[in-house]
Amino acid sequence: MRRRAEFTACYEQGLRCHTTHFLVFLRMNALQMAQARLGVAVSRKVGNAVTRNRLKRLLREFFRLHPEIVPVADMAMVAKKQAGTANLDLAGVSAEITPLLRRVTKQQTATA
């Protein structure tokens with residue numbers, strides 16, 4: 001996701017879930033090809049540019065490495081303020097987001 005309108009639609013119409021360091025908004029997309037899309041938002045409250053870019057890289061890498069658990073939806077991940085001081089690594093991000101996504105996909109398959 002790249003456009004502000006896509007993020008806004010995800011925030012307003014999507015399912016909101018949270019973890020210790022992240023807010024995750026999920027919204028089913030209406031694309032021709034069933035495709036998951038990711039948008040990452042990290043504000044300046046999280047930390048300096050190095051910290052913000054590191055968090056964005058970690059989230060994108062998690063998304064790339066775990067296509068089997070990522071639902072086919074628009075997903076906006078927003079870093080909370082404490083994410084900047086948490087010294088997260090890829091294993092920490094995976095441990096935090098994986099159970100959340102598994103729970104969401106389980107709910108979606110139960111309702112479908």
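All values below were derived from every heavy atom in this structure, side-chain atoms included, with hydrogens, water molecules and symmetry-related copies excluded.
One finds the CE atom of M28 at 9.0 Å from the CG atom of D74 (value rounded to the nearest 0.5 Å). Distance check: L101 CG to S94 OG gives 10.0 Å after rounding to the nearest 0.5 Å. Rounded to the nearest 0.5 angstrom, N48 CG and R54 CZ are separated by 12.0 Å. Here the straight-line distance linking atom CG of L26 with atom CG of L100 works out to 7.0 Å at 0.5 Å rounding. Between the SG atom in C10 and the CE atom in M75 there is a gap of 9.0 Å [rounded to 0.5 Å]. The CZ atom of R64 sits 4.0 Å away from the CD atom of E61 when rounded to the nearest 0.5 Å.
At a threshold of 4.5 Å between non-hydrogen side-chain atoms, the residues V93 and L55 do not count as touching. Within the 4.5 Å cutoff, no side-chain heavy atoms of K80 are placed close to those of K45. Side-chain contact between Y11 and L23: absent, with no pair of heavy atoms (C-beta onward) separated by less than 4.5 Å. Between L59 and F22 there is a side-chain heavy-atom pair separated by less than 4.5 Å. Considering only heavy atoms from C-beta on, M1 stays 4.5 Å or farther from L38 through its side chain. Using a 4.5 Å heavy-atom cutoff, the side chains of F63 and V40 are not in contact.
With salt bridges taken as basic N to acidic carboxylate O contacts below 4.0 Å, none links E12 and R27.
A pairwise comparison of heavy atoms in A36 and P71 identifies CB-O, 3.3 Å as the closest pair. Of all heavy-atom pairs spanning I69 and R102, the tightest one is CG2-NH1, 3.3 Å.
Other residues, nucleotides and ligands place more than 12 heavy atoms under 6.0 Å from the NE2 atom of H66.
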**Request:** List the steps and the verdict of side-chain contact (heavy atoms from CB on, under 4.5 Å) for V78 and F25.
**Result:** CA-CA 8 Å; V78 181; F25 297 89; 4.0 Å; yes
**Message:** Please determine whether side-chain contact (heavy atoms from CB on, under 4.5 Å) holds for the pair T51 and V42, giving the CA-CA distance in whole Å, both sets of side-chain angles, and the decisive distance to 0.1 Å.
**Reply:** CA-CA 9 Å; T51 303; V42 183; over 6 Å; no
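H21 pairs with exactly one of K81, Q82, E96 by the side-chain hydrogen bond (donor to acceptor under 3.5 Å, both in side chains) rule, that one being E96.
Note on L90: it clusters hydrophobically with V46, by side-chain heavy-atom contacts below 4.5 Å among ILVMFWY residues.
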